[in-house]
Amino acid sequence: MTLTSATSSRPAGRPRGAGIQRVSSKTRYAGGMPTPTVPLAPPVMRDYIGDVLREIRRKQGRTLREVSAAAQVSLGYLSEVERGQKEASSELLYAMCKALGVPLSLVLREVSDRIGLVEHCVVPDTVPDDLLGCETLAAR
């Protein structure tokens with residue numbers, strides 16, 4: 001399931017990571033000095049997790065109040081998680097996903113796919129054996 005981008009705390013029309021780019025040293029300022037290379041900002045997982053949770057909730061037509069009651073999480077805290085202002089624990093993420101009726105793995109996969117787009121890499125559907133480091137884990 002691929003979700004489309006929803007509104008968030010970012011300015012409208014500006015994708016995540018926009019404005020923070022690597023600049024080639026061949027590019028020159030007007031005075032002829034080389035343009036410094038600006039490092040890419042690392043993706044902030046709480047932003048992506050919040051965006052995905054908000055999209056799912058809105059697609060279901062549910063309010064923050066409904067989901068917070070079902071998840072037994074305060075409305076203010078859920079709102080902060082959706083806006084990327086708070087890091088939710090794994091237990092709270094699970095409770096929110098359960099309240100939304102979606103598996104936690106789906107939310108994390110969507111987050112992973114979005115971060116992969118920012119990093120310009122393709123996330124494989126399965127973990128390659130060489131990354132597992134142990135044949136017994138691959139057999140499980």
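- Clustering ILVMFWY residues whenever any of their side-chain heavy atoms sit less than 4.5 angstrom apart, transitively, puts L108 in the very cluster that holds V67.
- At least one side-chain heavy atom of R57 sits less than 4.5 Å from a side-chain heavy atom of E82.
- Note on residues 68-77: no pairs pass side-chain hydrogen bond (donor to acceptor under 3.5 Å, both in side chains), not counting sequence neighbours.
- To the nearest 0.5 Å, atom CD of residue E110 and atom CD1 of residue I49 are 12.0 Å apart.
- Screening residues 60-77 for salt bridge (charged side-chain N to carboxylate O under 4.0 Å, His left out) gives no qualifying pairs among residues at least two apart or on separate chains.
- In this structure, R114 and V118 have side chains that are not in contact, with every pair of non-hydrogen atoms separated by 4.5 Å or more.
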Pairs under 3.5 angstrom only: tabulate donor-acceptor contacts from the side chains of residues 89-106 to other protein residues two or more places apart or in another chain.
| from | atom 1 | to | atom 2 | distance (Å) |
| --- | --- | --- | --- | --- |
| S89 | OG | E91 | OE1 | 3.4 |
| S89 | OG | L92 | N | 3.1 |

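- Q85 pairs by the side chain to side chain donor-acceptor pair (under 3.5 Å) definition with R83, not counting sequence neighbours.
- The side chain to side chain donor-acceptor pair (under 3.5 Å) search around T63 returns none, not counting sequence neighbours.
- For the atom pair CZ of R58 and CG of L64, the computed distance is 8.5 Å after rounding to the nearest 0.5 Å.
- The side chain to side chain donor-acceptor pair (under 3.5 Å) test applied to E119 returns no partner, not counting sequence neighbours.
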